[in-house]
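Indexing begins at 1, ligand by ligand and atom by atom, following the structure's order.
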Amino acid sequence: MSNPPSSSLLEELGRRLGPKGFTRDPADLAPWLKDWRKRFSGAAAAMLSPASTEEVSDIVRLCAEARVALVPQGGNTSMAGGATPDGSGDALLLSLRRMNRIRSISAESNIAVAEAGVILADLHDAAGAVGRRFPLTLGARGSATIGGLVSTNAGGTQVLRFGTMRGLVLGIEAVFADGTVFNGLAPLKKDNRGYDLRQLLVGAEGTLGIVTAASLKLVPAIGARSVAWIGLESPERALALLGLLDNAVGDAVESFELVPQSALDLVLRHVPGTRTPLADAHPWHVLVEAVAPMVAPSPEKALSRALGAALETGVIDDAVIAASEAQAEAFWRIRDSISEAEKADGPAAKHDLSVEVSVMPRFMVEAAPAVEARFPGTRVIAFGHLGDGNVHFNVRAPAGAGPEWPEGEGAAVTSFVHDLVVAAGGSISAEHGIGQMRLAELARLGDPARLAAMRAIKQALDPHGILNPGKLVPPFGPAQDRLA
Ligand code: FAD
Ligand code: 2HG
Ligand code: ZN
């Protein structure tokens, strides 16, 4: 159990961090005490904004001695309430946003060393400036930070080719719960000195250490890209198209995003300046991006040939290949605005599911009507990363439901959906993490061996439970959950 911070601790932190690094002003704190979707809100005694790893280490050491909780935060775009403190006001918000330096970037080694507070879009720009790119992107790229992306093992829309953050992190610098600095930044390809602490910190949601910097993998810059918007009949057909593209276009296919007509309608309704890419409505749509490096010819011919064959064989019903970069960006804007449009449209029970890729179409077409029949008035909007076997299976509240709906009937919806995905051998969180939103569900459905190991690791690395309490690791349950 943690303590509220004493006034002497707050004074000491204020003195060390200075006015840029320490605030208790409610107006400064307010924007950071609610999550992006405004589902969770909390309180904090102060916000600490260190400018260096040494300052992070000092803060953590002082808080460890005083048993005061710290909630690490980057861009505050978590979809799981992961960066929002509880309502007690005892915790300190630890913002890494001032640590926003790219320490080094090299086209020769294909590595960037970025501090935790570097915003993803800024890393994209920096990589572009040296003729390289960082191959992970998502709709929140203008706010999400490297520390948050590492700590959630973020996915996004290029996982198909480059994997999640886990595969792109070559090294990590972090501060452990007693204030010691772990310098694991060296991007060693081979290193068998024992447990892989770098990978343990990826996806740890700030519960095992504070990430202060990461060495990240870069890849060659894009020479040309071809972006197509496709209308088709069903998720099954979409998966068939993926197989076809795999054969015909191969590795060049970096993104394969599934969008139902209902999600497209939401975007057209709520996001100014968006237009439907195809003249007719289709039950489902797919956004495909194929990319070629500088030296290779454009992927457009291969993509257009493959889509032509898919049209002839009836796998797809219509398609348009963007004729310009502006049109490609417009297609992507639709895809990237779905969360924003859905947020504007009202409450939803949000789910982030994965099953084996080949199982997903069937799961979607069976689970959606089952949910809508069991909870009359709800509507499923399932979209996203079909090629990764991961969709956001969001369930819209019945008309007229208030903002509290996700806590009431929405919680029953969530249990129903999660039971279905567990029965299908899948995961209740593919990319957004557990945070506070899925903690009870992880406790309910998690494999006891996994839960026991997670608790043991947490206990060993953060014995006083000061790092992001109430997130990711369910509290001890029945005695059999404990490791002997
Ligand atoms: P925050 O929200 O601030 O924090 C996230 C978690 O990491 C919290 O648990 C926090 O305590 C911890 N944390 C933050 N910084 C540190 C640090 N330095 N050290 C230790 N712990 C830390 N996610 C995807 O995976 N794929 C998507 O396609 C995707 N699309 C999105 C689209 C939109 C419009 C939005 C709003 C979100 C989307 N997300 C997506 C979710 C979110 O952007 C990611 O989870 C992202 O990684 C969070 O980064 P952040 O800097 O905002 O972290
Ligand atoms: C995406 O893929 C994000 O767009 C957000 O992961 C999904 O809002 C959501 O449910
Ligand atoms: Zn996603």
S.K.: Quick test of your reading of the structure: of Val159, Val56, Leu472, Leu138, whose heavy atom lies closest to atom 30 (N) of ligand 1?
M.R.: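 Residue with the shortest heavy-atom distance to the ligand atom: Leu138.
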S.K.: Please confirm whether His385 approaches ligand 2 to less than 4.0 Å, judged on its heavy atoms.
M.R.: yes
S.K.: Would you please indicate yes or no on a ring centroid separation below 6.0 angstrom for His351 and His418?
M.R.: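 Ring centroids of His418 and His351 are less than 6.0 Å from each other.
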S.K.: Is the gap between the ring centers of Phe383 and Phe393 under 6.0 Å?
M.R.: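 No, too far apart.
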S.K.: Report yes or no: does Lys471 have a heavy atom closer than 4.0 Å to ligand 1?
M.R.: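 The answer is no, since Lys471 has no heavy atom less than 4.0 Å from ligand 1.
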S.K.: Looking only at distances, please establish whether an N/O atom of ligand 1 is found under 3.5 Å from an N/O atom of Ala144.
M.R.: no
S.K.: Among all protein heavy atoms, pick the one closest to atom 9 (C) of ligand 2 and tell me residue, atom and distance.
M.R.: Lys350 NZ, 3.2 Å
S.K.: My understanding is that we take every heavy atom of each candidate and find the minimum distance to atom 49 (O) of ligand 1. Doing that for Leu467, Thr157, Thr77, which one comes out nearest?
M.R.: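 Answer by nearest heavy atom: Thr77.
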S.K.: For Thr145, which part has a heavy atom under 4.0 Å from ligand 1: side chain, backbone, both, or neither?
M.R.: both
S.K.: Does a donor on one side chain sit under 3.5 Å from an acceptor on the other, for Thr164 and Arg166?
M.R.: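 No, Arg166 and Thr164 have no side-chain donor paired with an acceptor closer than 3.5 Å.
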S.K.: What do you reckon, does Asn394 put a non-hydrogen atom under 4.0 Å from ligand 2?
M.R.: yes
S.K.: At the 4.0 Å heavy-atom cut-off, does Arg335 count as touching ligand 2?
M.R.: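 The answer is yes: ligand 2 sits under 4.0 Å from a heavy atom of Arg335.
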S.K.: Asn468 and side chain to side chain contact (heavy atoms under 4.5 Å, CB included): which single residue from Leu70, Thr207, Leu208 fits?
M.R.: Thr207
S.K.: Starting from atom 32 (C) of ligand 1, locate the nearest protein heavy atom and write down its residue, its atom name and how far away it is, to 0.1 Å.
M.R.: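 Its nearest protein heavy-atom neighbour is Ala140 N, 3.7 Å.
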S.K.: Starting from atom 5 (C) of ligand 2, which protein heavy atom do you reach first, and at what distance in Å?
M.R.: Ser339 OG, 3.3 Å
S.K.: Do His392 and ligand 2 have an N or O pair less than 3.5 Å apart?
M.R.: yes
S.K.: Do the side chains of Glu289 and Arg225 get close enough for a salt bridge, i.e. N-O under 4.0 angstrom?
M.R.: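 Looking at Arg225 together with Glu289, the answer is yes, because their closest N to O distance falls below 4.0 Å.
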S.K.: Can you classify the ring geometry of Trp229 versus His285 as parallel (below 30°), tilted (30 to 60°) or perpendicular (above 60°)?
M.R.: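 Plane angle between 30° and 60°, so tilted.
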S.K.: Starting from atom 45 (O) of ligand 1, what is the nearest protein heavy atom, named by residue and atom, and what distance separates them?
M.R.: Thr152 OG1, 3.4 Å
S.K.: What part of Ala116 sits under 4.0 Å from ligand 1 if we count only heavy atoms: the side chain, the backbone, both or neither?
M.R.: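 The part of Ala116 near ligand 1 is the side chain, not the backbone.
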S.K.: If the threshold is 4.0 Å, N to carboxylate O, is there a salt bridge linking Asp35 and Arg37?
M.R.: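 Result for this pair is no, no salt bridge flagged.
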S.K.: If the Zn ion (ligand 3) is the vertex, what is the angle to OE2 of Glu431 and NE2 of His385, rounded to 10 degrees?
M.R.: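 With the Zn ion (ligand 3) as the vertex, the angle is close to 90°.
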S.K.: Identify the protein heavy atom lying closest to atom 3 (O) of ligand 1, giving its residue, its atom name and the separation to 0.1 Å.
M.R.: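 Of the protein heavy atoms, Gly74 N, 2.7 Å lies nearest.
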S.K.: Charged N to carboxylate O under 4.0 angstrom, Glu115 versus Arg103?
M.R.: yes
S.K.: What is the nearest protein non-hydrogen atom to atom 6 (O) of ligand 2, stated with its residue, atom name and distance?
M.R.: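 Heavy-atom neighbour on the protein nearest atom 6 (O) of ligand 2: His432 NE2, 2.6 Å.
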S.K.: Distance only, no hydrogens: is a donor on one side chain within 3.5 Å (strictly under) of an acceptor on the other, for His282 and Gln261?
M.R.: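 Absent: no donor and acceptor within the cut-off.
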S.K.: Could you pull out, from Ala430, Ser151, Ala174, the option with a heavy atom nearest to atom 21 (N) of ligand 1?
M.R.: Ser151
S.K.: Is it true that a side-chain atom of Lys343 and a backbone atom of Trp36 form a donor plus acceptor pair closer than 3.5 Å?
M.R.: yes
